[in-house]
Every structure is written in C-alpha cells, then in structure tokens.
2 protein chains.
Amino acid sequence: MLSERQDAILREVVRIFTDTGQPVGSKTLMNALPFHVSSATIRNEMATLEEIGYLEKTHLSSGRVPSINGYRYYLDYLVQPSIVPRDVAKKIDEDFGQTYHQLDDIIERSAKILSHLTSYTAITLGPESSKTLLTGFRIVPLNSHQIMAIIVTSDNNVENNIYTVDDELDSSLIEKFVKIVNDKLVGQPLPKVIEMLHDDVPIILSNYMHSASGLVDMVDDLFQKADSDKYFVDGQLNLLNYADSNDMQEVQSLFSIINQSNDLKKLLDPSSSESGIRVRLGSELGSDALKNYSIITADYDVGHHGKGIIALLGPTTMHYSQLIGLLGEFRTELAKRLIDYYSRYDDS
Amino acid sequence: MLSERQDAILREVVRIFTDTGQPVGSKTLMNALPFHVSSATIRNEMATLEEIGYLEKTHLSSGRVPSINGYRYYLDYLVQPSIVPRDVAKKIDEDFGQTYHQLDDIIERSAKILSHLTSYTAITLGPESSKTLLTGFRIVPLNSHQIMAIIVTSDNNVENNIYTVDDELDSSLIEKFVKIVNDKLVGQPLPKVIEMLHDDVPIILSNYMHSASGLVDMVDDLFQKADSDKYFVDGQLNLLNYADSNDMQEVQSLFSIINQSNDLKKLLDPSSSESGIRVRLGSELGSDALKNYSIITADYDVGHHGKGIIALLGPTTMHYSQLIGLLGEFRTELAKRLIDYYSRYDDS
DNA sequence: GTTAGCACTCCAATATGAATAGTGCTAAAA
DNA sequence: TTTTAGCACTATTCATATTGGAGTGCTAAC
C-alpha cells in the first residue's frame, strides 16, 4: 500500500501526463502538488514508486511516466469521476432528441453521441438478447422465386432476410410452416426458439412434407441473426488522431478489430459480473494492436429487459476521470430513454 | 506533339517513378531506355519536357518526376493496358464463386474482389436504376403499432422500411393503399413511380380517407431509397498504406468522402458519356483532400438493364497500365455475371 | 544532332557543440 | 528519522558545420 503522499504524487503524474503528453519531472510536480515539499523529496518518492513499478523513465535522465501497473493502481484506487458540467448533460439530452421507432436506433445514436462528445471511438450494445422473446414470424412472397422472412421480437426489433425458393416449394406448405412457428414458438426466448426450431418443428412438419429440414435450415440464419448481439461503432476515424502515425500496420489491425463483432465481443465481454464502470488497459488484453489503447466499459440496466453495454476506446492516456464521469451520466440517461421506449411500445 | 523519343522518355520516367517512388535521373534513364543515347542527350530532352510542363524537379539538382500534366499526357496517349495474367483472370472467376440471390450482392462482391486484387480502394455501382421498374409493393403488419413496407423492383432488388403507425390508421385503408399502388404503379420506372405517388395516388386515395398525404409521405423515403444509387466501397483501409502519415487530417477527409454517397457520385459521375476506362487525377477534381490521389473508372454494360460503374481509388502514382488491364478484364467478367443473373431470374 | 567533361547545386547523413531538463547521491539541517 | 540544498552527471534536443553523392546545365568538341 502506498502512503498518502505517494498516492498524491502518482495521481498528479497521471494528471499532468495526460494533459501534456510529456514525462513529468520533480520540479514540475513540486509546483503542482497541493502541499509543499522540495523537489529532492519528490525525487526520492518517485524513486520508490519506480522501484515498486508504478512509474517509468523514458531514458536515464528524463521525467517519469506512469507504467501500466501505475495506471492500473491509479484506476483501481485513485481516480475519481469528475462531475459532468450541466451543459454537457443538457447536450446529451438534446442529442437524443426525437422519439425512436426502433430499439437499435437508440443504441446506434448512443454511439454517435458518445463519440462526438469525447472524440474517441464509441461502441454500444443493446440490452441482452437472451431475454427477448419471439413475438412474430412472417413470410411474404415477393415474386415468383423470392420470399422474404421476417422476425419480430419482444423488444420490437425486426429482422428480415430474402431467400430464393425453387418452384416445388408449395405456398400452402410455407403457410403451414409459418403457422407452426407462430403457434409453437411465439412467446419463447430466442435461444429456446432456435433449439425448438431444430428439434420440434421438423417433427411436426414431417406430417405435411417429406423433407422438412430444408425449410428450417433456410431460415435458420435469420433466427441466428435476431439472437446475435449487434454492436454499433461510431467515431472510428477518431482513432487516427491518436495513432502512432509511423505504424500504419497497427492502425489497420485496430480498425479490423473494431469491425469484427467477434473481436468486439471479447473486448466488451462483461465477464466479471460486477456492475458499473470498468477500465481495461489494452496491454492487459494480450492483443498486440491494442497495446497502447484502453477501453472503458459501462453497463446500463433496463430492469427485466436486461443489461447492455456502452464503451469508449482510446489511447491509454485518456482523460479517465472526465470520461468515467461522463459515462456515469450517460448510462443513466440511456437507461431512462430505454425504459421510456419500452413503456411506450410494450403491448399492454 | 512530342517526338517519339520524348514519348519514350516520359513513359519510362512514369514507369520508373511508379516503381521506385524516387525522382528519375538521366543516368538511370540511359540504362533503362530501349535505345542508346548518352545521358547528356537525355538531359537535353528532359529539359524540353520540363519546359513544356510534363516533368518537374523536386529541387534544383534532383531527378525528374512527372507533373500532373505529364501524367495527363501519359494517360491520354502513352499508357497501354497490360495483359492480365491467366491466373488472375481465373482468380476473379473463382472469387465470384457461387450464384447470387440479390443483385446488390454481386455488386458488393465486385468491390471486395477488386480491392483485394489491387490493394487499392474499390468502389462499385450497380446498373443504372432509372431503367428499373416497380414490380411489387407490400405492407406487412408486424405488431399492434408497427408495419413493414416492402418494395420489389424489376432487377429483383428488395428494399424495406419499418414504420410506426398510430391506432387510427385502419388496416383496410392500408390494404386499399397497397392495392392502388400495385394496380397503378407497378410496371412503371421508379422515377415515374415517385412522381405518380405524389400526384395521382393521393387523388384516388382521397375517395376513401380525408387525409391521404400522410400515408404517401410516410413511405416516400422507401421509394427514394429504392431509386437512389447504392455504392459499395471496399478496401478503405488500403488508403492508409499510401497516405502521407504526417497528415492525418487528409486521411480523415478522404475517409469521409468515400463514405458519403453524394461525394462519391461526383467522383464517379460518368458525365462524359464516352464508354470505357477513364483515369481522373484527383488534382483535376478540385478537392483538396484528393490532391495526391487519382481514380480509375470503368463502366460495364448489361444491355437493356443499363450501365454500371466500377472504380479504383489510389495514389496518383498507381500502376495504371496494370490496373487498366485488370479493370478491362473485370468489367467484361462482371457484365457476363450480371447477364447470367438476369437471365436466371427474369420472369418469363 | 550528339556527346564528353566540368563546375555547380542540393540533399541526406553524420558529426559537433551548447543549452536544457532531468536524475541520483551526499551531507547537513530539522 | 525525514527533509532539504547542492552538486556531479546524463540524455535529449536543437542548431550548425562537414562531407559524399546524385543530379543538373552548359560549353566545346565530335
């Protein structure tokens, strides 16, 4: 455990370093600290902090910068969310603006607002979909060889796909199929729906046609789509402002990470079930491209509709206290909006 | 007009400069040219070429690089498409692979193939949509307060939007509306459809309801969407390989240009109705961000289904001869695929 | 019209030196 | 025992030479 004075010094090093981007020396620190000790004392303290592994020198006679461990300690024990100015809170509210017809629109807009507000990259994820239920399934013939299948879920999300069908597929069979899905699967949570779609439905269908699996396999991807998490990313280009301009390779891998929902899933994974705002340093995540970046995740809670995640991706030297404060504000605002949304559209 | 020797020199300067990225000197040139003259002679010729404005020096005693005008001349008179190796042609065919259910899938895939093949940024546009006809219009109720409107066009493209409706909108009225659109507008080209939707349909509708315009206005954006050009961009990140890494600003404007279909429209605009492959130097386009880039456009012809465009965006120092050869191959391959697609799905 | 030769120019890379900002350590003061 | 002043030391950064090399333009001869 560190002494109070060491805490203060570490906190101040982080603050100044995030502001200036320059290593921090003992004299600068002397003038910045709220209490007075000589620069020599500070040098001694910094030497111990370096020994513990919380500070680093860029070269033998330079000032100190926080190490990864130093950041970790800072984030775990020292950072205090700064209070969000009133006009920012107001701006969030204004930016949300209008009312929304689609759940995803709100989540997508959230990413936009966050990235604009912070000039970092924002990633958002809607409320956990394992709690959403199937509420409807339709198939619409488009022309002689194409049909559209549509899924509606309890959070008012709609997904659709278009399929090409050969002539032998009788329209009465399709109607039968739609009826079975609506009768048997509506009201079930999506994972359960997918399970039953493959187990129960073919059995029932086999009464009417000999090869039932074709139809089920065809629409399977649509159900998968409805059940899979949908991430929204905004402000990707902001990464360019912080990227090491000599290492285009790194920028490219970074971009490909945030465009792959599989990778995103790992990044945002709320594995530790603790609720709240967490910061994860990229270097802790093993990925080489993320070495100099970090990610702040916050969950938001929409009651029985589940929890979602909002996140900010930026360089390790982000303004954590500000951003944590902002995310704190934003998550409650977003939850409020979503509760409002659900109450407006929930079938009563 | 230039002498044959001057042509050869300019062509060689372009070739070496694109290969090495370095200014080309008289000695290098002497060894590279297919005929032998001394470096002094070449110096004299280069001096004239510089006077005319086709070559430039980066500083007083450097080798020469092609100027914009030099490139223009090279592209207009000197460049010869290189022959596409057989394995590349084969690779294109393989990459297209499977058969497609949607026209847009083919166009999108084209962008992917092109960008991978060239490691530049590819932009593709489907066949001109003013020739596509409306073939169907559906409205599907999703739940108590949402409906989905669907448009099908003669090129088998499908567009849909979801709308929130208030309770007072009677379902029989909606059916009426759908019937009118299908009776009166199907078979018309899309621009005409949009016109009639606003002129004729409200008049007919007003027999059944007093405020007909609400319904028309609601679905208007869907028809607009179906009629608007849809660009596909792939390999955006390749731009990072050629960008001036000191000027992140430029990279950002570049990205925002290729993500705005309005800007893209200007870039690809086949204003000069001449058919074929054209190269436009970014500096000729006025846009500051494009100063160091150029764009190669090629149209492709699908008979009475209209013409589309494929394009490559890259630095001014692209390998024009190779790329022009490649695009030549690609446009015929794509046209073949599309004709095949149409013949497979055209209602007979 | 072409070429050899030479003086000239600029760049890129390398060294040199001074100024600066920082450190660690020691010995004295609190 | 903790804090401080003072000093020797180190690395970076910036500006300023110094050099070699690649290239040019020009002139005079072929």
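Keep in mind that what you see is a predicted model, and the values were worked out from it rather than measured. In what follows, chains are A, B, ... by sequence order, proteins preceding strands, each numbered from 1.
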- Query: Just how far, in rounded Å, is C1' of C:dC25 from CD of A:Glu51?
  - Reply: 14 Å

- Item | Euclidean distance, atom CD1 of residue B:Ile42 to atom C1' of D:dG23 [Å, nearest integer] | 13 Å

- Give, for atom OG1 of B:Thr48 and atom CZ of B:Arg5, the distance between the pair rounded to the nearest 0.5 Å. 9.0 Å

- If you measure from CZ on A:Arg278 to OG1 on A:Thr297, what distance do you get to the nearest 0.5 Å? 5.0 Å

- Query: Distance-only, no hydrogens or angles: does the B:Arg280 side chain make a donor-acceptor pair with backbone N or O of B:Leu267 under 3.5 Å?
  - Reply: yes

- Message: Would you compute the distance between atom CG of A:Leu313 and atom OH of A:Tyr293 and round it to the nearest 0.5 angstrom?
- Response: 8.0 Å

- Could you state the CG-C1' distance from A:Leu49 to C:dT23, rounded to the nearest angstrom? 15 Å

- Item | Minimum-distance nucleotide to A:Ala40 side chain [options: D:dT4, C:dT2, C:dA4] | D:dT4

Look for any protein N or O under 3.5 Å of an N or O in nucleotides 7-9 of chain C and output each such pair with its distance, or none.
| from | atom 1 | to | atom 2 | distance (Å) |
| --- | --- | --- | --- | --- |
| C:dT9 | O2 | B:Ser61 | OG | 2.6 |

- Atom NZ of B:Lys57 and atom P of C:dC11 are separated, to the nearest Å, by 12 Å

- Find the distance between CZ (B:Phe232) and CD1 (B:Ile310) and round it off to the nearest 0.5 Å. 14.5 Å

- Message: Between B:Glu45 and B:Thr58, which residue's closest nucleotide on DNA chain C lies nearer the 5′ terminus?
- Response: B:Glu45

- Any idea which of D:dA5, D:dT3, D:dG25 is nearest the B:Arg64 side chain? D:dG25

- Item | Euclidean distance, atom NE2 of residue A:His59 to atom P of C:dG24 [Å, nearest integer] | 12 Å

- Query: Stepwise, does the salt bridge (charged side-chain N to carboxylate O under 4.0 Å, His left out) test hold for A:Glu250 with A:Lys291?
  - Reply: CA-CA 10 Å; A:Glu250 184 192 272; A:Lys291 206 174 38 191; 5.3 Å; no

- Task: Begin from the C-alpha positions of A:Gln236 and A:Val233 and carry the test side chain to side chain contact (heavy atoms under 4.5 Å, CB included) through to its verdict.
- Result: CA-CA 7 Å; A:Gln236 300 191 30; A:Val233 179; 3.7 Å; yes

- Task: Would you check if B:Ile16 and B:Leu29 make a side-chain contact, meaning some heavy-atom pair closer than 4.5 Å?
- Result: yes

- Message: Once you apply a heavy-atom cut-off of 4.0 Å, does B:Lys27 come out as touching a base, just sugar-phosphate, or nothing?
- Response: nothing

Output one line per pair: protein atom, nucleotide atom from nucleotides 26-30 of chain C, and distance, for all N/O pairs under 3.5 Å.
none

- Message: Under 4.0 Å, heavy atoms only, any strand: does A:Ser62 hit a base, just the sugar-phosphate, or nothing?
- Response: sugar-phosphate

- Considering only D:dA5, C:dT2, C:dT23, which nucleotide approaches the side chain of B:Thr41 most closely? C:dT2

- Task: Please report, rounded to the nearest Å, how far the C1' atom of C:dT2 is from the CZ atom of B:Phe35.
- Result: 13 Å

- Query: Do B:Tyr120 and B:Tyr242 have ring centres separated by under 6.0 Å?
  - Reply: yes

- Item | Atom-pair distance (CE on A:Met46; C1' on C:dG24), nearest Å | 11 Å

- Task: Mind calculating the distance between CZ (A:Arg43) and P (C:dG22) to the nearest angstrom?
- Result: 11 Å

